Structure formats: structure tokens, C-alpha cells
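Take a look at the structure below.
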Amino acid sequence: MSQHLGAVSLVVRDYDEAKAYYAGVLGFDIVEDRDMGEGKRWVTVAPPGSGGTRLLLAKAAGPAQAAAIGNQTGGRVFLFLHTDDFGRDYDLYRSRGVEFREEPRREAYGTVAVFEDLYGNLWDLLQSRIEGR
């Protein structure tokens, strides 16, 4: 049996604003941007070399979804962005205005720092010490 996560939905305010941030600031690839009619689009982005898992940028529809923007996990770290060079990406993101909540720290599992995306969702930038991750 073979399974993998194809996409994770990320509720956003605006498609183009989100695309500009994830592609322009974080350097993600825009995988797809398809008009679905009635103001809806299928917009997916992925970190370079990610191997398949994508973020589906889902524009909030209605007040309940809008209220979840930036707080999809109740204040916990939401997504874990693995990198092969922590220092390179940490410095690049800081130079592009990414807000880190802490200084980088070394843990048994790797080097990590928490940052906020454009909406306030928390991410770990992580270089794993575990081979193959």
C-alpha cells in the first residue's frame, strides 16, 4: 500500500495576496491556479523539491472560515517546513521580512525556529538531524 498527503488546505483572505507571499517571500512554486467559476480558484503552491505535498490556498467563504484565517490550529505550530540548509533559509526569510517568534535553537531532532506567515499561522523552519527527513 502507498499513500501520501496530496494537499493541506490553508484558509486565506485573498488568492493573489497569498500567492504573492508564498511564492514571492517563501519561494514556493505555484503548482496550479485554475479558475473554478463563481469566484473560486484551485490554487496550489509547494516548496521547491517538496516531492508532492502541496498547500491548497482556499479563500475563506463566510464569517466562520474568515475567523479561522491565521489560527487554524488554535495557536499551535501548524506546518513544518523542512530544509536542507537552515542558515540559508533563515537568513533569506529574515531579509524578506518574515517574522520569527524566536531565535534558532538546536534540539535533539534538528535546528528549528518558529515563524509566522502572512496571516499569523505558525510554522517551524526545520533542518532535521534524522537522516532522510
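Counting begins at 1 with the first residue of the sequence. What you see is a predicted model; the values in this text were computed from it and never measured.
- Two residues are said to be in side-chain contact when any heavy atoms from C-beta on lie closer than 4.5 Å; N121 and Q72 meet this criterion.
- Shortest non-hydrogen contact noted between V45 and Y22 is CG2-CB, 4.1 Å.
- Between L126 and E107 there is no side-chain heavy-atom pair separated by less than 4.5 Å.
- Under a 3.5 Å cut-off, the side chain of D117 and the backbone N or O of Y119 do form a donor-acceptor pair.
- Scanning all heavy atoms of the two residues, the minimum distance from R106 to T111 falls at NH1-OG1, 3.5 Å.
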Check your understanding: Between F28 and L81, does a side-chain contact (heavy atoms from CB on, under 4.5 Å) hold up when you go through it step by step?
Key -> CA-CA 11 Å; F28 287 15; L81 182 59; 4.1 Å; yes
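- Checked by atom type and distance alone, the side chain of Y15 pairs as donor or acceptor with a backbone atom of R41 at under 3.5 Å.
- In this structure, W123 and F115 have parallel ring planes: the angle between them is below the 30° cut-off, well short of the 60° mark.
- When all heavy atoms of D124 and V114 are compared, the pair lying nearest together is OD1-CG2, 3.2 Å.
- Grouped by direct or indirect side-chain proximity (heavy atoms under 4.5 Å, Ile/Leu/Val/Met/Phe/Trp/Tyr only), M1 sits alone.
- At least one donor-acceptor pair under 3.5 Å links the side chain of R96 to the backbone N or O of V25.
- Minimum heavy-atom separation, K19 to I30: CE-CD1, 3.6 Å.
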Next item on the list: Quick one: do D89 and Q127 satisfy side-chain contact (heavy atoms from CB on, under 4.5 Å)? Show the steps, please.
Entry: CA-CA 10 Å; D89 292 340; Q127 183 172 4; over 6 Å; no
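- Nearest heavy-atom pair across S128 and H82 is CB-ND1, 4.2 Å.
- Within the 4.5 Å cutoff, the side chain of L122 has heavy atoms near those of the E116 side chain.
- Y21 is connected to V8 through a chain of hydrophobic side-chain contacts under 4.5 Å among Ile, Leu, Val, Met, Phe, Trp and Tyr, so both are in one cluster.
- Atom CZ of R105 is surrounded by more than 12 heavy atoms from other residues, nucleotides or ligands within 6.0 Å.
- In this structure, the separation between CG on L118 and CZ on R13 is 5.5 Å, given to the nearest 0.5 Å.
- One hydrophobic cluster holds both F86 and L79 under the rule that ILVMFWY side chains link at heavy-atom gaps under 4.5 Å.
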Identify all side-chain donor-acceptor contacts of residues 47-68 below 3.5 Å with residues at least two apart in sequence or on another chain.
from, atom 1, to, atom 2, distance (Å)
S50, OG, P47, O, 3.2
T53, OG1, L5, O, 2.9
Q65, OE1, A61, N, 2.8

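- Closest approach of T44 to W42, counting heavy atoms only: CG2-NE1, 3.7 Å.
- Salt-bridge formation is not detected for the pair E38/K40: no Lys NZ or Arg NE/NH1/NH2 atom is positioned less than 4.0 Å from an Asp or Glu carboxylate oxygen.
- Under the 4.5 Å side-chain heavy-atom criterion for grouping Ile, Leu, Val, Met, Phe, Trp and Tyr, V98 is connected to F78 within one hydrophobic cluster.
- Proximity of the aromatic rings of Y90 and F100 is defined here by a centroid distance below 6.0 angstrom, and this criterion is met.
- Note that CD1 of I69 is 11.0 Å distant from CG of N71, once rounded to the nearest 0.5 Å.
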